[in-house]
Amino acid sequence: MSEKAEVVTRFAPSPTGYLHIGGARTALFNWLYARGRGGRFQLRIEDTDRARSTPEATQAIYDGLRWLGLDWDGEALSQWSRVDRHREAAEEMVARGGAYRCYASKEEVDAARARAAEEKRPQVFESPWRDADPADAPDLPHVIRLKAPREGETVVEDAVQGTVRWANAQLDDLVLLRSDGAPTYMLAVVVDDHEMGVTHVIRGDDHLTNAARQSLIYAAMGWAPPVFAHIPLIHGPDGAKLSKRHGALGVEAYRDMGYLPEALRNYLARLGWGHGDDEYFTTEQALEWFDLPGVGKAAARFDFAKLADLNGRWIRDSEDGALLAQVEALFAAQQRAPLTPSQRSMMAHAMPGLKQRAKTLIELVESAYYILVDGVPEPDEKAAKLLSPEARDILAKLTLRLQDVTEWRTAELEMVVRAFAEDAQIKLGAAAQPLRAALTGRATSPGVFDVLETLGRDESLRRLSAQAT
RNA sequence: GCACCGUUCGUCUAGCGGUCUAGGACGUCGCCCUUUCACGGCGAAAACACGGGUUCGAGUCCCGUACGGUGUACCA
């Protein structure tokens, strides 16, 4: 029905919460694989669990993907909108002899499984209705079950995991249509993937065994299965499954922590996938390089230190203007007051120095305290220590010299301060550190001479006189 | 229980039978640069889970064991 050559992937989250980091990576891999090959990347919302699905969660998924820069082709598909088609497919399988109506009650099935467990047999339910004559069927609620083969084996050629086999005796006659007529996940996924033209199913390896069951459904429908690629899960820093405390946060939480989308993409791509020794690369390069054989098989731990390092590199290499825009967007997202025109221009002026020292946007904003502060900066503990009586004395003398500076520029200011230190026979640091403390209220900052220039003559002298006494 | 998947420095990984006295990156530690902090430069410590095979030769192939993980639903 479509050109076989085109690659089509999909991301199929269930809208029961935010887009967590594992889901974001799955989406990234699908996006990279398809877009890197000129194919399509689609989004399908698996909202068939009506009780747990919410519109807010759906929106959170959209927002998360957009922030990460993962755009999908066409409209997002609601799986729920396709239930009629799923039902049809189930009936079609019954008609073809690939499925049957099972009248066993939930209790009977549970009892049979409990018995099997006791006898230490595989807990595979064998329905008495599997080969029953349809004429004997009672007029009762029933489910439709797949008539799975009892002999032989099912083989999945997984692009990441390799050849994986299951004895068919391990696979039971799974339910396709529930007694209330609702399709199960197994059925819906297969029907939708096939009809959306999905060629490559890239998903978490928690679905690996599902791939065997789904293969059986493809076979019963007479369809060719897609290429499966089951990627390992992401664990928390402690090796345990991701939990709230350990990074199973929504992607917007990463935004709020000050990470750049391009840095997160870079980090996530590197988690579980590698291209030689490349660590720091652009999305364009990832698009070009990404391939399934490069995906590892083992679960990877989420490491904030490495993310922070990568983020710092992305920040340093960002254009000043772009960074300023990111900061303003973060302020808006966090509902902080926007920058005033003067803060904005000082921030722009100081950006080359600020971005050199920040691993996250949050750190960048913190280090811009001397720009964002209202009035004279309040010295913190370390700065207060630098402002000893002797230091204030030095500052007072230095201020006198600074007042005579005609050209308020970094280079000129540095010359003046250096000359002052020499005349006073003190080390440059003895003048520069108190100067920094008075100007910024901190013991660390971008170069003091740059700070002086950023603040401008009037503001600098105001802060100095406030501390000189 | 049963089935399936996995296991190289603390972490992410390179490695696809000899070039591995196991490479890179983050982190850690030391030194240099330096007005602070970063950046940058140089250097160090740090790993093939264990046991059997196969082979002239195994981190690389096979089988066990251990330890993790996933699945085993009329959830997705």
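Below, read A as the first sequence line, B as the second, and so on, with proteins coming before strands; counting in each chain starts at 1. Everything numeric in this text was worked out from a predicted model, so none of it was measured.
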Check your understanding: Rounded to whole angstrom units, what separation is found between the CG atom of A/L216 and the P atom of B/A3?
Key -> 18 Å
Exercise for review: Using the C1' atom on both, measure B/U35 against B/G30 and round to a whole Å.
Suggested key: 23 Å
Review point. Quick one: are the ring centres of A/Y267 and A/F302 less than 6.0 Å apart?
Key: yes
**Study point:** Separation of B/C5 P from A/H230 NE2 (nearest whole Å)
**Key:** 13 Å
Review point. Do A/N168 and A/T154 have side-chain N/O donor and acceptor atoms under 3.5 Å apart?
Key: yes
Point to revise | Sugar-phosphate, base or nothing in reach of A/A383, heavy atoms under 4.0 Å | key: nothing
Check your understanding: Quantified in whole Å, what is the P atom distance between nucleotide B/U54 and nucleotide B/C62?
Key -> 15 Å
Review point. Any donor-acceptor pair under 3.5 Å between the side chain of A/R301 and the base of B/U11?
Key: no
Exercise for review: Any strand is fair game: report the nucleotide pairing with B/C56 by Watson-Crick or G-U wobble, both distances under 3.5 Å, or none.
Suggested key: B/G18
Check your understanding: Side chain of A/D303: nearest nucleotide among B/U11, B/U35, B/G24?
Key -> B/U11
Point to revise | SB check A/D423 A/R401 (cutoff 4.0 Å) | key: yes
Review point. Distance between the P atoms of B/U21 and B/U60, in whole angstroms?
Key: 14 Å
Check your understanding: Got a donor-acceptor pair under 3.5 Å from the side chain of A/K306 to the base of B/A25?
Key -> yes
Check your understanding: If you pin A/L428 and A/R145 to their nearest nucleotides in RNA chain B, which one's is more 5'?
Key -> A/L428
Point to revise | Between B/C74 (P) and A/L174 (CG): distance, integer Å | key: 9 Å
Check your understanding: What interatomic distance, in whole Å, is found between C1' of B/G10 and the corresponding atom of B/A45?
Key -> 12 Å
Review point. Between A/W314 and A/N266, is any side-chain donor less than 3.5 angstrom from a side-chain acceptor?
Key: yes
**Study point:** C1' atoms of B/A49 and B/U7, separation to the nearest Å
**Key:** 7 Å
Exercise for review: Scan every strand shown for a Watson-Crick or G-U wobble partner of B/C39, both distances under 3.5 Å, and answer none if you come up empty.
Suggested key: none
Review point. Could you give the NZ-to-P distance, from A/K382 to B/U36, as a whole number of Å?
Key: 14 Å
Point to revise | side-chain N/O A/R418 vs B/U35 OP1/OP2, d < 4.0 Å | key: yes
Practice item. Could you check how far CD of A/E422 sits from P of B/U35, rounded to whole Å? Key: 13 Å
Practice item. Produce a footprint string for nucleotides 65-71 of chain B: one letter per nucleotide, 5' end first; B if the base is under 4.0 Å from any protein heavy atom, S if only the sugar-phosphate is, - if neither. Key: -----SS
Study note, to complete from the structure: Re B/U34: Watson-Crick or G-U wobble partner, both distances kept under 3.5 Å, found to be none
Practice item. Would you state whether a donor and an acceptor, one from the side chain of A/E279 and one from the base of B/G24, lie under 3.5 Å apart? Key: yes
Practice item. State plainly whether the residues A/D309 and A/K306 are in salt-bridge range, i.e. N to O under 4.0 Å. Key: no
Practice item. Looking only at side-chain atoms of A/Q433, point me to the closest of B/U13, B/A3, B/U36. Key: B/U36
Practice item. Provide the Watson-Crick or G-U wobble partner of B/C4, both distances under 3.5 Å; none if there is no partner. Key: B/G69
Practice item. Go through the side-chain N and O atoms of A/D47 and A/S78 and say whether any donor and acceptor fall under 3.5 Å apart. Key: yes
Practice item. Applying salt bridge (charged side-chain N to carboxylate O under 4.0 Å, His left out) between A/D172 and each of A/K147, A/R145, A/R113, report the one that passes. Key: A/R113
Review point. Just by distance, with hydrogens left out, do A/T26 and A/R203 show a side-chain donor and acceptor under 3.5 Å apart?
Key: no
Study note, to complete from the structure: Rounded to whole Å, CD of A/E381 lies from C1' of B/U36 at a distance of 17 Å
Review point. So, A/S445 and A/R436: side-chain donor and acceptor under 3.5 Å apart, yes or no?
Key: yes
Review point. Of the nucleotides B/C26, B/C74, B/G24, which one has an atom closest to the side chain of A/A305?
Key: B/C26
Practice item. Would you mind telling me which of B/A76, B/U36, B/G6 lies closest to the side-chain atoms of A/T444? Key: B/U36
Review point. Toward the 5' end of RNA chain B, which comes first, A/H275 or A/G429, by nearest nucleotide?
Key: A/H275
**Study point:** Donor + acceptor pair across side chains of A/D192, A/Q79 (<3.5 Å)
**Key:** yes
Exercise for review: For A/Y280, report the nucleic acid contact type (base, sugar-phosphate, nothing); a contact means any heavy atom under 4.0 Å.
Suggested key: nothing
**Study point:** Length of the line joining A/D158:CG and B/A3:P, which is rounded to integer Å
**Key:** 20 Å
Practice item. Classify the side chain of A/S179 versus the base of B/C74 as yes if they form a donor-acceptor pair under 3.5 Å and no if they do not. Key: yes
Check your understanding: Judged by modelled atom types alone, do A/T9 and A/H200 share a side-chain donor-acceptor pair under 3.5 Å?
Key -> no
Practice item. Identify whether any heavy atom of A/V143 sits under 4.0 Å from a base atom; if not, whether one sits that close to sugar-phosphate; answer base, sugar-phosphate or nothing. Key: base
Practice item. Tell me what A/V448 touches on the nucleic acid: a base, only sugar-phosphate, or nothing, going by heavy atoms under 4.0 Å. Key: base
Revision key, fill the gap. A/D49 has its side chain closest, among B/C12, B/A76, B/U35, to B/A76
Check your understanding: If you check every side-chain atom of A/T48, which of B/U35, B/A76, B/G6 has the closest atom?
Key -> B/A76
**Study point:** B/G51 - base-pair partner by Watson-Crick or wobble geometry, distances under 3.5 Å
**Key:** B/C63
Practice item. Return the nucleotide paired to B/A25: Watson-Crick means purine N1 to pyrimidine N3 with N6-O4 or O6-N4, wobble means G-U with N1-O2 and O6-N3, both under 3.5 Å. Key: B/U11
Practice item. Using a strict 4.0 Å threshold on nitrogen-to-oxygen distance, state whether A/R101 and A/E91 make a salt bridge. Key: yes
Review point. Whole-Å distance between B/U34 P and A/K427 NZ?
Key: 14 Å
**Study point:** Side chains of A/D173 and A/Y100, donor plus acceptor under 3.5 Å
**Key:** yes
Check your understanding: Which whole number of Å gives the distance between the C1' atom of B/U55 and that of B/A47?
Key -> 25 Å
Study note, to complete from the structure: Letter by letter from the 5' end, nucleotides 38-50 of chain B scores (B base, S sugar-phosphate only, - none; protein heavy atoms under 4.0 Å) BSS----------
Review point. Closest to the A/R113 side chain: B/A76, B/U35, B/A73?
Key: B/A73
Exercise for review: Please determine if A/K397 and A/D393 form a salt bridge, counting it only when a charged side-chain N lies under 4.0 Å from a carboxylate O.
Suggested key: yes
Review point. Looking only at atom P, what distance separates B/C74 and B/C48, rounded to whole Å?
Key: 46 Å
Point to revise | P gap between B/G68 and B/U8, integer Å | key: 15 Å
Review point. Hey, does A/G447 reach any base, or is it just sugar-phosphate, or nothing, if we go heavy atoms under 4.0 Å?
Key: base
Exercise for review: Taking only the side-chain heavy atoms of A/Y185 (C-beta and beyond), determine which of B/A76, B/C5, B/C74 contains the nearest atom.
Suggested key: B/A76
